[in-house]
Amino acid sequence: PGMGAEALLHAAVINNARWCDAVCRSHGYPGEFTGWRWSSLGHALPFYPNAITLSPDVPAAEATVGQDPSRPFAIKDSFARLDLAPERLTPLFSAEWIALLPAPDEPSAGDDLSWETVTDPGELARWEAAWSGDGDVTGLFRPALLADPHCAVLACRRDGTLAGGATTYTTGGVAGISNVFTSGMTDGPLWADVVRAVAKLRPGLPIVGYERGEDLAAARQVGFRVLGPLRVWASGSAVT
(Lines give C-alpha, C1' and ligand atoms only; values in the text may rest on other atoms or scores of the structure.)
Protein backbone atom coordinates (compact mmCIF):
# COMPACT_ATOMS: atom_id res chain seq x y z
CA PRO A 1 0.00 0.00 0.00
CA GLY A 2 0.96 3.66 -0.20
CA MET A 3 2.96 5.44 -2.86
CA GLY A 4 5.27 3.77 -5.33
CA ALA A 5 8.85 4.98 -5.77
CA GLU A 6 8.04 7.35 -8.65
CA ALA A 7 5.09 8.95 -6.81
CA LEU A 8 7.26 9.28 -3.69
CA LEU A 9 10.01 10.96 -5.71
CA HIS A 10 7.60 13.52 -7.16
CA ALA A 11 6.02 14.09 -3.74
CA ALA A 12 9.50 14.66 -2.25
CA VAL A 13 10.39 17.17 -4.98
CA ILE A 14 7.14 19.16 -4.60
CA ASN A 15 7.38 19.02 -0.81
CA ASN A 16 10.93 20.41 -0.91
CA ALA A 17 9.85 23.20 -3.27
CA ARG A 18 6.98 24.10 -0.91
CA TRP A 19 9.41 24.24 2.02
CA CYS A 20 11.85 26.45 0.07
CA ASP A 21 8.89 28.63 -0.88
CA ALA A 22 7.84 28.95 2.77
CA VAL A 23 11.35 30.04 3.80
CA CYS A 24 11.62 32.54 0.92
CA ARG A 25 8.09 33.86 1.58
CA SER A 26 8.99 34.43 5.25
CA HIS A 27 11.70 36.83 3.97
CA GLY A 28 9.30 38.63 1.63
CA TYR A 29 10.26 36.69 -1.53
CA PRO A 30 7.27 34.43 -2.30
CA GLY A 31 7.97 32.02 -5.14
CA GLU A 32 6.01 31.16 -8.24
CA PHE A 33 4.90 27.64 -9.17
CA THR A 34 4.36 26.46 -12.74
CA GLY A 35 3.90 22.86 -13.86
CA TRP A 36 7.62 22.50 -14.44
CA ARG A 37 9.40 24.87 -12.08
CA TRP A 38 9.30 26.73 -8.78
CA SER A 39 11.20 30.01 -8.78
CA SER A 40 11.94 32.95 -6.48
CA LEU A 41 14.46 34.92 -8.50
CA GLY A 42 14.93 37.98 -6.29
CA HIS A 43 16.33 36.52 -3.09
CA ALA A 44 19.96 35.88 -2.11
CA LEU A 45 19.38 33.65 0.92
CA PRO A 46 22.13 31.16 1.78
CA PHE A 47 21.31 27.45 1.28
CA TYR A 48 18.08 28.14 -0.67
CA PRO A 49 17.96 28.00 -4.48
CA ASN A 50 16.29 30.50 -6.79
CA ALA A 51 14.65 27.75 -8.83
CA ILE A 52 13.74 24.08 -8.49
CA THR A 53 12.72 21.86 -11.40
CA LEU A 54 9.47 19.98 -10.77
CA SER A 55 9.56 17.75 -13.86
CA PRO A 56 12.33 15.61 -15.34
CA ASP A 57 11.53 16.92 -18.82
CA VAL A 58 12.28 20.63 -18.34
CA PRO A 59 14.70 21.96 -20.99
CA ALA A 60 17.76 23.75 -19.58
CA ALA A 61 16.78 27.10 -21.12
CA GLU A 62 13.35 26.97 -19.47
CA ALA A 63 14.79 25.83 -16.14
CA THR A 64 16.94 28.96 -15.93
CA VAL A 65 14.55 31.49 -17.51
CA GLY A 66 14.64 34.84 -15.72
CA GLN A 67 18.16 34.34 -14.42
CA ASP A 68 19.92 37.70 -14.06
CA PRO A 69 23.60 37.16 -14.93
CA SER A 70 24.61 40.03 -12.63
CA ARG A 71 23.07 38.38 -9.54
CA PRO A 72 23.84 35.15 -7.67
CA PHE A 73 21.66 32.32 -8.96
CA ALA A 74 21.28 28.72 -7.80
CA ILE A 75 18.98 26.02 -9.16
CA LYS A 76 18.10 22.56 -7.91
CA ASP A 77 17.89 20.14 -10.85
CA SER A 78 15.61 17.76 -9.00
CA PHE A 79 16.19 14.86 -11.38
CA ALA A 80 19.90 15.40 -12.19
CA ARG A 81 19.04 15.54 -15.88
CA LEU A 82 20.31 18.95 -16.99
CA ASP A 83 23.64 20.23 -18.28
CA LEU A 84 23.57 23.85 -17.17
CA ALA A 85 27.19 24.68 -18.02
CA PRO A 86 26.04 26.42 -21.24
CA GLU A 87 23.89 28.64 -18.98
CA ARG A 88 27.11 29.66 -17.18
CA LEU A 89 26.34 27.59 -14.08
CA THR A 90 28.63 25.22 -12.18
CA PRO A 91 27.62 22.02 -10.31
CA LEU A 92 27.72 22.76 -6.59
CA PHE A 93 26.87 19.31 -5.20
CA SER A 94 24.89 16.16 -5.91
CA ALA A 95 22.64 14.34 -3.46
CA GLU A 96 19.97 11.64 -3.29
CA TRP A 97 16.26 11.91 -2.55
CA ILE A 98 15.32 9.53 0.26
CA ALA A 99 12.11 8.13 1.72
CA LEU A 100 11.02 6.01 4.67
CA LEU A 101 7.65 4.74 5.86
CA PRO A 102 8.16 4.66 9.64
CA ALA A 103 6.96 1.67 11.63
CA PRO A 104 3.83 2.51 13.62
CA ASP A 105 4.42 3.13 17.33
CA GLU A 106 8.12 2.48 17.05
CA PRO A 107 9.54 2.35 20.59
CA SER A 108 12.04 5.02 21.52
CA ALA A 109 15.67 4.16 22.07
CA GLY A 110 15.08 4.58 25.78
CA ASP A 111 17.67 7.30 26.15
CA ASP A 112 17.25 10.64 27.85
CA LEU A 113 16.47 12.69 24.72
CA SER A 114 13.20 14.59 24.55
CA TRP A 115 11.69 16.21 21.47
CA GLU A 116 9.47 19.27 21.30
CA THR A 117 8.23 21.73 18.70
CA VAL A 118 9.80 25.20 18.84
CA THR A 119 7.04 27.74 19.47
CA ASP A 120 8.57 31.17 20.15
CA PRO A 121 11.06 33.44 18.33
CA GLY A 122 13.67 33.44 21.12
CA GLU A 123 13.74 29.65 21.15
CA LEU A 124 13.94 29.66 17.33
CA ALA A 125 16.99 31.96 17.47
CA ARG A 126 18.73 29.60 19.92
CA TRP A 127 17.81 26.63 17.71
CA GLU A 128 19.26 28.41 14.66
CA ALA A 129 22.51 29.23 16.50
CA ALA A 130 22.92 25.54 17.40
CA TRP A 131 22.01 24.47 13.84
CA SER A 132 24.61 26.80 12.32
CA GLY A 133 27.24 25.70 14.85
CA ASP A 134 27.26 29.26 16.12
CA GLY A 135 28.36 30.20 12.60
CA ASP A 136 27.59 33.41 10.77
CA VAL A 137 24.05 32.47 9.71
CA THR A 138 21.46 34.39 11.71
CA GLY A 139 17.89 35.27 10.90
CA LEU A 140 17.51 32.69 8.13
CA PHE A 141 14.65 30.91 9.92
CA ARG A 142 12.03 33.61 10.52
CA PRO A 143 9.34 33.54 13.23
CA ALA A 144 6.71 33.49 10.43
CA LEU A 145 7.61 29.81 9.91
CA LEU A 146 6.34 29.03 13.42
CA ALA A 147 2.86 30.18 12.36
CA ASP A 148 2.84 27.99 9.23
CA PRO A 149 0.64 24.96 9.99
CA HIS A 150 2.63 22.80 7.54
CA CYS A 151 5.93 23.52 9.28
CA ALA A 152 7.39 22.26 12.55
CA VAL A 153 10.83 23.14 13.89
CA LEU A 154 11.88 20.28 16.17
CA ALA A 155 14.28 20.67 19.08
CA CYS A 156 15.91 17.70 20.75
CA ARG A 157 16.96 18.22 24.36
CA ARG A 158 19.05 16.29 26.83
CA ASP A 159 18.64 17.42 30.45
CA GLY A 160 17.06 20.64 29.21
CA THR A 161 19.98 21.50 26.90
CA LEU A 162 19.58 21.65 23.12
CA ALA A 163 21.22 18.54 21.68
CA GLY A 164 20.04 18.70 18.08
CA GLY A 165 17.07 19.24 15.86
CA ALA A 166 15.41 19.17 12.45
CA THR A 167 12.71 20.90 10.43
CA THR A 168 9.72 19.12 8.94
CA TYR A 169 7.29 20.38 6.32
CA THR A 170 4.14 18.44 5.52
CA THR A 171 2.42 18.69 2.13
CA GLY A 172 1.08 16.29 -0.49
CA GLY A 173 0.77 13.34 1.85
CA VAL A 174 4.44 13.31 2.90
CA ALA A 175 6.47 14.82 5.74
CA GLY A 176 9.66 16.36 4.38
CA ILE A 177 12.60 16.63 6.76
CA SER A 178 15.67 18.82 6.48
CA ASN A 179 18.26 20.63 8.59
CA VAL A 180 18.92 17.53 10.71
CA PHE A 181 21.74 18.42 13.09
CA THR A 182 23.36 17.42 16.36
CA SER A 183 25.09 19.97 18.57
CA GLY A 184 27.86 17.55 19.52
CA MET A 185 26.30 16.54 22.84
CA THR A 186 25.07 13.25 21.45
CA ASP A 187 27.00 10.23 20.28
CA GLY A 188 26.44 9.75 16.58
CA PRO A 189 23.68 11.12 14.38
CA LEU A 190 20.11 11.62 15.52
CA TRP A 191 18.43 10.01 12.53
CA ALA A 192 16.56 7.24 14.38
CA ASP A 193 15.33 9.77 16.95
CA VAL A 194 14.32 12.27 14.23
CA VAL A 195 12.27 9.58 12.50
CA ARG A 196 10.45 8.76 15.74
CA ALA A 197 9.80 12.44 16.48
CA VAL A 198 8.40 13.13 13.00
CA ALA A 199 6.34 9.92 13.00
CA LYS A 200 4.79 10.96 16.29
CA LEU A 201 4.02 14.42 14.95
CA ARG A 202 2.77 13.25 11.52
CA PRO A 203 1.64 9.64 12.05
CA GLY A 204 1.32 7.36 9.05
CA LEU A 205 3.04 9.64 6.55
CA PRO A 206 6.09 8.70 4.49
CA ILE A 207 9.12 10.79 5.53
CA VAL A 208 11.08 12.24 2.61
CA GLY A 209 14.07 14.50 2.06
CA TYR A 210 17.48 14.54 0.39
CA GLU A 211 20.94 13.95 1.81
CA ARG A 212 24.51 13.31 0.76
CA GLY A 213 27.72 12.04 2.34
CA GLU A 214 27.67 10.97 5.98
CA ASP A 215 24.06 12.08 6.49
CA LEU A 216 22.94 9.94 3.55
CA ALA A 217 24.78 6.95 5.01
CA ALA A 218 23.22 7.58 8.44
CA ALA A 219 19.72 7.91 6.94
CA ARG A 220 20.14 4.66 4.99
CA GLN A 221 21.29 2.95 8.16
CA VAL A 222 17.92 3.66 9.82
CA GLY A 223 15.99 2.38 6.81
CA PHE A 224 15.63 5.24 4.31
CA ARG A 225 15.70 4.14 0.69
CA VAL A 226 17.13 6.14 -2.19
CA LEU A 227 14.62 7.45 -4.75
CA GLY A 228 16.93 9.15 -7.23
CA PRO A 229 19.62 11.81 -7.67
CA LEU A 230 19.46 15.61 -7.70
CA ARG A 231 22.09 18.20 -8.51
CA VAL A 232 22.41 21.82 -7.42
CA TRP A 233 23.97 24.27 -9.87
CA ALA A 234 25.06 27.83 -9.09
CA SER A 235 26.54 30.86 -10.75
CA GLY A 236 30.02 31.77 -9.57
CA SER A 237 28.67 34.40 -7.22
CA ALA A 238 25.91 32.33 -5.60
CA VAL A 239 26.45 31.59 -1.91
CA THR A 240 24.68 28.32 -1.13
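Nothing fancy with the numbering, it's 1 onward along the sequence.
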Any side-chain heavy atom of [X] within less than 4.5 Å of one from [Y]?
X	Y	value
Ile75	Pro49	no
Trp115	Leu201	no
Glu96	Leu230	no
Val208	Ile177	no
Pro91	Val232	no
Val198	Lys200	no
Asn179	Trp19	yes
Val174	Leu205	no

| With Tyr29, which residues qualify under ring-ring contact (aromatic ring centres under 6.0 Å, His included), at least two apart? |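 Testing Tyr29 for ring-ring contact (aromatic ring centres under 6.0 Å, His included), a comparison that skips the adjacent residues, returns none.
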| task | Quick one: which residue pairs count as a ring-ring contact (aromatic ring centres under 6.0 Å, His included) with a foot in residues 200-222, not counting sequence neighbours? | result |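 Listed by first then second residue: Trp97-Tyr210.
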Which atom names give the shortest non-hydrogen contact between [X] and [Y], and what distance separates them?
X	Y	result
Pro102	Val195	CB-CG1, 4.0 Å
Ala163	Leu113	CB-CD2, 4.3 Å
Gly173	Met3	O-CE, 3.9 Å
Leu227	Ala99	CD1-CB, 3.7 Å
Ala175	Thr168	CB-OG1, 3.9 Å
Leu190	Gly165	CD1-N, 4.0 Å

From [X] [atom1] over to [Y] [atom2], what is the distance, rounded to the nearest 0.5 angstrom?
X	Y	atom1	atom2	answer
Asp193	Thr182	CG	OG1	10.0 Å
Ser235	Phe73	OG	CZ	8.0 Å
Ser78	Trp38	OG	CH2	10.5 Å
Asn50	Arg37	CG	CZ	9.5 Å
Arg126	Thr161	CZ	OG1	12.0 Å
Trp233	Arg88	CH2	CZ	14.0 Å

For [X], side chain to side chain contact (heavy atoms under 4.5 Å, CB included) partners two or more places apart:
X	value
Ser94	Arg231
Arg212	Phe93, Ala95
Arg157	Ser114, Glu116, Glu123, Ala155, Leu162

| field | Donor-acceptor pair, side chain of Thr117 and main chain of Leu154, under 3.5 angstrom | value |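 No, because the side chain of Thr117 does not come within donor-acceptor range (under 3.5 Å) of the backbone of Leu154.
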| query | Linking Ile, Leu, Val, Met, Phe, Trp and Tyr by side-chain heavy atoms under 4.5 Å, what else ends up with Val65? | reply |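 Via sub-4.5 Å side-chain contacts, Val65 links to Trp36, Val58.
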| request: Verify whether the ring centers belonging to Phe224 and Trp191 lie closer than 6.0 Å. | output: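 Yes, the ring of Phe224 comes within the 6.0 Å limit of the ring of Trp191, centre to centre.
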| request: Taking the six-membered ring for Trp and the full ring for Phe, Tyr or His, determine whether the centres of Trp131 and Phe47 are under 6.0 Å apart. | output: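 Centroid distance Trp131-Phe47: below 6.0 Å, so yes.
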| said: Per the side chain to side chain donor-acceptor pair (under 3.5 Å) rule, what does the pair list look like for residues 6-18, sequence neighbours excluded? | reply: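 Matches after skipping sequence neighbours: Asn15-Thr171, Asn16-Lys76.
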| request: Please assess Leu100 against Arg225 for the test side-chain contact (heavy atoms from CB on, under 4.5 Å), listing each intermediate value before the final yes or no. | output: CA-CA 6 Å; Leu100 171 71; Arg225 59 179 170 134; over 6 Å; no
| Listed partners of Thr64 passing side chain to side chain donor-acceptor pair (under 3.5 Å), at least two apart |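 Glu87.
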| Who passes side chain to side chain donor-acceptor pair (under 3.5 Å) against Asp83, sequence neighbours left out? |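 Asp83 satisfies side chain to side chain donor-acceptor pair (under 3.5 Å) with no other residue.
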| query | With sequence neighbours excluded, what pairs up with Glu62 under the salt bridge (Lys or Arg N to Asp or Glu O under 4.0 Å) test? | reply |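 With neighbours one apart ignored, the set is empty.
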Side-chain donor-acceptor contacts of residues 137-153 below 3.5 Å, not counting sequence neighbours, with atom names and distances?
| residue | atom | partner | partner atom | Å |
| --- | --- | --- | --- | --- |
| Asp148 | OD1 | His150 | N | 2.9 |
| Asp148 | OD2 | Tyr169 | OH | 3.0 |
| His150 | ND1 | Thr170 | O | 3.0 |

| All pairs passing salt bridge (charged side-chain N to carboxylate O under 4.0 Å, His left out) where residues 20-31 contributes a residue, at least two apart |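 Residue pairs with at least one partner in residues 20-31: Asp21-Arg25.
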